[in-house]
Amino acid sequence: MPLAEHLRELRNRLGKAMLAIVACSIVAAFFSQQLMDFLASPVPKCAPGTPMSESTGGKCVIIAYQNMLSPFTSTVKVIMLAGFVAATPVWVYQLWAFIAPGLHKSEKKYTYYFAATAVPLFAAGVYTAYLIMPISVRVLISITPEVASNLLSLDDVLDFTTRMVLIFGLAFELPVLLIMLNFAGVVTGKRMAGWWRGMIMGTFVFGAVATPSTDPLGMIALSGPIVALYFIAVGIALVNDKRKRREDPDAHLDDDEASELDLTPQSVGRIESVGAARALPEQATGEADGGRSQRLNGYDDIT
């Protein structure tokens, strides 16, 4: 397919994905209030009408807007996020339909497996984030002195919730990425197992930096499951490498590495004599010259 056709196909796929996101966002606009309440629910809010004197310390949080445009911008962000999430089956299918023609049959099969695994893992990450967020928020506001009150902008609360959900969801996709690299032959299970020290250290550093709550509980809640999933991915990679070696003993060799050859001398058996035949059927049967062989300048005249 020419480059122009590829670009036209990409444009059509992107257009369909954007239409699906816009349509889902329009539907989500009718439930914007419920969505904002759901995203802000991990924060322990003070009851409406609570005076500032009773909201001091780390008891609860007063959520407020700090400028006139905040209600509009917050609502638009929540609606677009909900539309993007709700339209996930559509834009994922459009992405798949664009790259599928260039994949082999076996590659398509593995892609189905990876997609079926990635969705539950992302959902597990989101669920873990939603479980840990109320505890993280309470830990953070608990250090507020009694002379101060917690007055937070709803934009900040929504950004905090969104970042936690996305970071946890995407971080849980690490095992799928490692297994894809292993099935593609990029990295072996043995090499992945040799990374365990660096992976554990890097995972906890990532958990400490990536979690917006910056508390040890959030870091452990993010890093612990990732480390466990990493070792599960290593186990699957080792099993896959064993299967490859059983089907092809030379599968572990590099492209420029020679395989072992059996150089043991073997008997060739009895040599049979083979009679030489003439090049043309007419020469073999003698039909061309009535059984007589005629030559011209040393060659058969049949040629």
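As the structure is a prediction and not an experimental result, all values here were calculated from the model. Counting from 1, the numbers follow the sequence of the chain as shown.
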Which heavy atom of Phe84 sits nearest a heavy atom of Ile21, and at what distance? CD1-CD1, 3.9 Å

Assess the residue pair Val165 and Met133 against the criterion (side-chain contact (heavy atoms from CB on, under 4.5 Å)); give the C-alpha distance rounded to whole Å, side-chain angles, the decisive distance to 0.1 Å, and a yes or no. CA-CA 9 Å; Val165 167; Met133 273 190 294; 4.3 Å; yes

Between Tyr130 and Ser41, do the side chains contain a donor N or O and an acceptor N or O under 3.5 Å apart? yes

Polar side-chain atom of Tyr230 near backbone of Pro225 as donor-acceptor pair, under 3.5 Å: no

Would you say the side-chain atoms of Gln94 pair up with the backbone N or O of Lys16, donor to acceptor, closer than 3.5 Å? no

Where Ile79 and Ser25 come nearest, the two heavy atoms and their spacing: CG2-O, 3.1 Å

Are Phe172 and Tyr127 close enough that their ring centers fall under 6.0 Å? no

When you measure from the side chain of Ser32 to the backbone of Thr75, do you find a donor-acceptor pair of N or O atoms at a distance under 3.5 Å? no

Rounded distance [0.5 Å steps], CD in Glu173 versus CG in Leu178: 11.5 Å

Got a donor-acceptor contact below 3.5 angstrom from the Thr73 side chain to the Ser70 backbone? yes

Side chain of Asp241, backbone of Thr188: donor and acceptor closer than 3.5 Å? no

Search all heavy atoms of Leu238 against all heavy atoms of Lys190 and return the closest pair with its distance. CD2-N, 3.5 Å

What do the steps show when you test Phe168 against Leu131 for side-chain contact (heavy atoms from CB on, under 4.5 Å), and what is the final call? CA-CA 11 Å; Phe168 272 73; Leu131 287 179; over 6 Å; no

